[in-house]
Amino acid sequence: MNNEVRVRFAPSPTGYLHVGGLRTALYNFLFAKRNNGKFILRIEDTDRNRYVEGAVEKLIDSLKWVDLEYDEGPNKDGGFGPYFQSERLDIYQKHIDKLIEEKKAYYCFCTPERLKNLREEQQRQKLPQAKYDKKCFHLSEEEIKQKLDSGLPKVVRLNVQPNQTVAFDDIVRGHVEFNTDNIDDQILIKSDGFPTYHWANVVDDHLMKISHVIRGEEWLSSTPKHVILYNYLGWELPKFAHLPLLLNPDKSKLSKRQGDVAVEDYKDKGYLKEALVNFVALLGWNYGDDKEFYLLDEMIEKFSLERVNKAGAVFNVEKLNWLNGLHIREKSDEELLPLFKEELAKSEYATNNYDDDFLLSIISAMKERVTFVKDFIYNCKYFYEAPTTYDEKIVKKRWKDDSADLLKQFLEAVKQMKTNDKEEWEKILHEIVEKNEIGFGRLIHPVRLAVSGVGVGPGAYELLQIIGKEEVIKRIEKALAEIPKLKEQL
Ligand code: GLU
């Protein structure tokens, strides 16, 4: 037997990559890389009613963005293509013919109307589940031939044997059993000639030599149908691993209504790909310790399906935000610079020309205090323009009777400065503090308020150094004219 690990991410192109899909893709990718295997992208596009223009390209772009490169798939043939199910119709047909011959599948010519009546009748009888009654399975060879010849609309159904146990072992969920009485004679080929998900999925997983089927828990109830098919076809079962559901914080199933679900949305909101991938990895997996910060390489080293939990995983955006901050701090200032410039290009300061040293100094001053790269702009607009207002709460609290006098002393000292070095800023501030025999805060709070308009920000020396001598002088003069008046009104 060939032991090569081959896994696949098999999305139906709906127009975007769902974060749940990202989790499935990531776990497949990690498992493949961990085991020197292949990660395959297969596009399950057999539902023609759901065709969305450009969906596949978007999906591939999103996977690229998060660095989940596939080894085989669209435009990357590994000898098992095509990787679009819509291009494999003859393959599905060939295999279905064999099943029909062996009576493991059969043609069904029932009209939608008959099926509707059947369903309603079963509901009236309060049967737990509507099921097809196998009427067409009992047609004679002649009847079948005659109906086929007359070109009646038809589907092909799976012939499920009553009251048998279908069992399989799931790496995440353990031993799973279903009774076939609860399984419908599933349609395998639709009236438009296209295969259903079940049929195409099983045929492809077999022909593409998929060793492990790793997918969301919502597919668990489909698996017994697949197992029946594998058995009918005499094909070896792949190993199954069904990943836990993703939940909203209120424990309902993660849905669009309660927040963003598309990977693109998170990208547009300014999340780092490293943070999103790290966050998604933890939705159902941990290494067994409480480490939460991971880069892709370390995840590859540590990932195993045995450590995936059964319990639903809560999608907690606060945790994602926290991780985003950690991943920003993990990057060097130079690595952050291009990301910062991208944000600047989208901002109201897009047309200003800032030199790299100025931007790098903002990164270094603010890095410990941001959650998003765009916070280098919006949490510290005072680096880009003089404040137009002063935080009233801070004015009330920090502007004292001696503040104006202290600021005037400071202003004189600034005018005498020879350099814009941090050390020189430190020196003049300390001289004033000592001369007036006051605490450092007594001076620094009004200075900060005057130059930035707010009460929080990076260290005072850095703040002043980045804003620079000339600009500091202007801002102090303006503040001396405005803040005392404002204070009186409060
Ligand atoms: N096409 C299915 C989906 O959209 C694939 C499920 C599976 O992995 O078997 O998720």
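Order of listing sets the numbers, starting from 1, for every ligand and every atom in it. Everything numeric in this text was worked out from a predicted model, so none of it was measured. Heavy-atom basis, side chains included; hydrogens, waters and symmetry copies ignored.
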Peer 1: Not counting sequence neighbours, list each pair that qualifies as a ring pair (Phe, Tyr, Trp, His ring centres under 6.0 Å) and has a residue in residues 342-367.
Peer 2: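 As it turns out, the ring pair (Phe, Tyr, Trp, His ring centres under 6.0 Å) pairs with a partner in residues 342-367, which skip direct neighbours, are Tyr349-Tyr384, Tyr354-Phe358, Tyr354-Tyr384.
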Peer 1: Please determine whether a side-chain nitrogen of the Lys or Arg among Lys310 and Glu217 lies less than 4.0 Å from a carboxylate oxygen of the Asp or Glu.
Peer 2: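 So Lys310 does not pair with Glu217 through a salt bridge.
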Peer 1: Is any side-chain N of the basic residue among Glu72 and Arg8 closer than 4.0 Å to the acidic one's carboxylate O?
Peer 2: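 Looking at Glu72 and Arg8, the cut-off is not met.
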Peer 1: Starting from the C-alpha separation in whole Å, work towards a yes-or-no answer on ring-ring contact (aromatic ring centres under 6.0 Å, His included) for Trp219 and Tyr197.
Peer 2: CA-CA 11 Å; Trp219 304 102; Tyr197 153 72; 4.5 Å; yes
Peer 1: Extract all N/O-N/O pairs under 3.5 Å that connect ligand 1 to the protein, and present each with both atom names and the distance rounded to 0.1 Å.
Peer 2:
from     : atom 1 : to     : atom 2 : distance (Å)
ligand 1 : 1 (N)  : Ala10  : O      : 2.8
ligand 1 : 1 (N)  : Ser12  : OG     : 3.1
ligand 1 : 1 (N)  : Glu44  : OE1    : 2.7
ligand 1 : 4 (O)  : Ser12  : N      : 3.3
ligand 1 : 4 (O)  : Ser12  : OG     : 3.2
ligand 1 : 8 (O)  : Arg8   : NH1    : 2.8
ligand 1 : 8 (O)  : Arg8   : NH2    : 3.4
ligand 1 : 9 (O)  : Arg8   : NH2    : 3.0
ligand 1 : 9 (O)  : Tyr197 : OH     : 2.8
ligand 1 : 9 (O)  : Asn201 : ND2    : 3.0
ligand 1 : 9 (O)  : Arg215 : NH1    : 2.8

Peer 1: Could you tell me if Glu44 and Asn201 have a donor-acceptor pair between their side chains, going purely by distance under 3.5 Å?
Peer 2: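 Glu44 and Asn201 do have a side-chain donor-acceptor pair below 3.5 Å.
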Peer 1: Should Lys116 and Glu120 count as an ion pair when the cut-off is N to O under 4.0 Å?
Peer 2: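 Salt bridge present between Lys116 and Glu120.
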